[in-house]
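To find a chain, count down the sequence lines: A is the first, B the second, and so on, and within it residues start at 1.
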Protein chains: 2
Amino acid sequence: MDTLTALNQFREHIQTFVPLTDTEWQVIVPYLEVSVLKKKKNFVEPGKVCNQIGLVVKGSVRFFHVKDGEEITGYFCFENEFISSYKSFLTRQPAINYIQALEDSILVTLNYNNTQQLYADDLVGHKMERIYRLVAEHYLICYEDRVTSFITQSPEERYNKLLETGGEVLQRIPQHYVANFLGITPVSLSRIRRRIMKISA
Amino acid sequence: MDTLTALNQFREHIQTFVPLTDTEWQVIVPYLEVSVLKKKKNFVEPGKVCNQIGLVVKGSVRFFHVKDGEEITGYFCFENEFISSYKSFLTRQPAINYIQALEDSILVTLNYNNTQQLYADDLVGHKMERIYRLVAEHYLICYEDRVTSFITQSPEERYNKLLETGGEVLQRIPQHYVANFLGITPVSLSRIRRRIMKISA
DNA sequence: CCAAATTCTTATCTTAAGTTAACGTTTTGA
DNA sequence: TCAAAACGTTAACTTAAGATAAGAATTTGG
């Protein structure tokens, strides 16, 4: 995928929720960067400030923590999803997590300074605020659902829900990542899967 | 507390993260409403679309779900915090939760239509987008932390962290609400408390 | 002011998840 | 291509949490 295709895909994605004129797009483009993130390479690392918000235009990434030497997966992102260690990006504090490519991936990124400049721009500032308001609101809803599932559902219920709705995650992601995404161990997920198989068999 | 005091407190709070000129404030004020929410009264109910974002200027509220006849508490909000069932507010779908006053409370609210009108206003639209972008980002960070705690910490670790940082919640809130905020049962929290007492004794 | 409801703790029992380890299979990369 | 690493399942054991119930202390509302 070339740079132009990546940028166009970024524009297309933005336009699914905020229309952009060609004039506005021409203002925004110079602030964007296209970058390749090879499998296993980090977009964010603990101890470093996350300086970008990226849109995955190709590939997939995994967000995870390391605790007691163990990797604990928070979530995954696929094509047309924004990634960032938001807390770090927004507060300018060092991140406490990794964001790492699961496959060779292509990202369109906007760094912190450029973001602030675009917010301050007379022509596109209002629209950029809107875009990133909507992005934040979108992920706010995702997290709201996630927290709800943790307090109202058992691990088995969470897995069943994922079976219904999260097809992509389950097909593209190793099971032990899915397990700690669900808040459980791989062993435990394996047991849940067996239980479900027996019921449906 | 009278209406004027409530509105001024709203303005003061907004100005902690976005400055407002008097002119801008005069544009915004007519869209705001001040409302009293008596203890145990609902700000949001399942099945109804949440039509407001509110700022708690006095009192406190509790966000909870009802599952199998049981109330499961998601979180609490105190003075100078925004409340809404964001998913419902943003998507215009019926809410699936309650938001209920824990004490007699006063809220400054902005309803959905007024929010959209303010976003579209030439004078304050840009700033309103910014304000609600920052609000969404703030709560996004809160939820990010919350999810992180669920996947990386045990209930006991979560409670210890709450002891360190969440003084207000622990002083003003019945323990069984805190328990399901932590994702555990009241009985389980009681056991954790005993364990901690023994260690520190 | 007092009865009813709520809250918290404790105990018992049950159930589910964590831990560790072993084993076969698949994937990876040198 | 082939050895090493990663992955998923299973088993045995340990640990912690859920469910239920009872009882004491506190709070609430009429």
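Atom CD in A:E70 sits about 12 Å away from atom P in D:dC7, given to the nearest Å. Atom C1' of nucleotide D:dG18 and atom CD1 of B:I72 are separated by 13 Å, given to the nearest angstrom. Here D:dA6 presents its P atom at 15 Å from CG of A:L102, a figure rounded to the nearest Å. Here the P atom of nucleotide D:dA19 and the CD1 atom of B:I184 are 13 Å apart, to the nearest Å. B:K67 has its NZ atom 13 Å from the C1' atom of D:dG18, to the nearest Å.
No contact: A:L189 has no heavy atom under 4.0 Å from any strand. Residue B:S190 is classed as a base contact, given a heavy-atom separation below 4.0 Å to a base.
Two residues are said to be in side-chain contact when any heavy atoms from C-beta on lie closer than 4.5 Å; B:Q52 and B:L110 fail this criterion. Between B:I196 and B:E156 there is a side-chain heavy-atom pair separated by less than 4.5 Å.
Rotation axes derived from the C1' atoms of the five outermost pairs at either end of the helix from C:dC1-D:dG30 to C:dA30-D:dT1 lie 60° apart, to the nearest 10°.
Side-chain N/O atoms of B:R191 and base N/O atoms of D:dG18 include a donor-acceptor pair closer than 3.5 Å.
Atom CD of B:E70 has 12 or fewer neighbouring heavy atoms from other residues, nucleotides or ligands inside a 6.0 Å radius. Within 6.0 Å of NZ in B:K87 there are 12 or fewer heavy atoms belonging to other residues, nucleotides or ligands.
With 3.5 Å as the limit, one finds no donor-acceptor pair spanning the side chains of B:R158 and B:S149. Checked by atom type, the side-chain pair B:E103/B:S60 shows a donor-acceptor distance below 3.5 Å. A donor and an acceptor atom, one from each side chain of A:R193 and A:Y159, are located under 3.5 Å apart. Using modelled atom types, one finds no donor on one side chain facing an acceptor on the other under 3.5 Å when comparing A:T5 with A:N8.
For residues 32-44 of chain A, every residue pair satisfying the salt bridge (Lys or Arg N to Asp or Glu O under 4.0 Å) rule, not counting sequence neighbours, is listed here: A:K38-A:D104. Each ring pair (Phe, Tyr, Trp, His ring centres under 6.0 Å) pair with one or both residues in residues 99-118 of chain A, not counting sequence neighbours, appears once here: A:F89-A:Y112.
Residue A:H176 places at least one side-chain N or O under 4.0 Å from the OP1 or OP2 atom of D:dG8. At the phosphate of D:dA17, neither OP1 nor OP2 sits under 4.0 Å from any side-chain N or O atom of B:T185.
A:E12 pairs by the salt bridge (Lys or Arg N to Asp or Glu O under 4.0 Å) definition with nothing, not counting sequence neighbours.
Protein chain A contacts DNA chain C over a range whose 5' and 3' limits, counting nucleotides with an atom under 4.0 angstrom from a non-hydrogen atom, are C:dA17 to C:dT28.
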Enumerate all atom pairs, one protein N or O and one N or O from nucleotides 20-30 of chain D, separated by less than 3.5 Å.
none

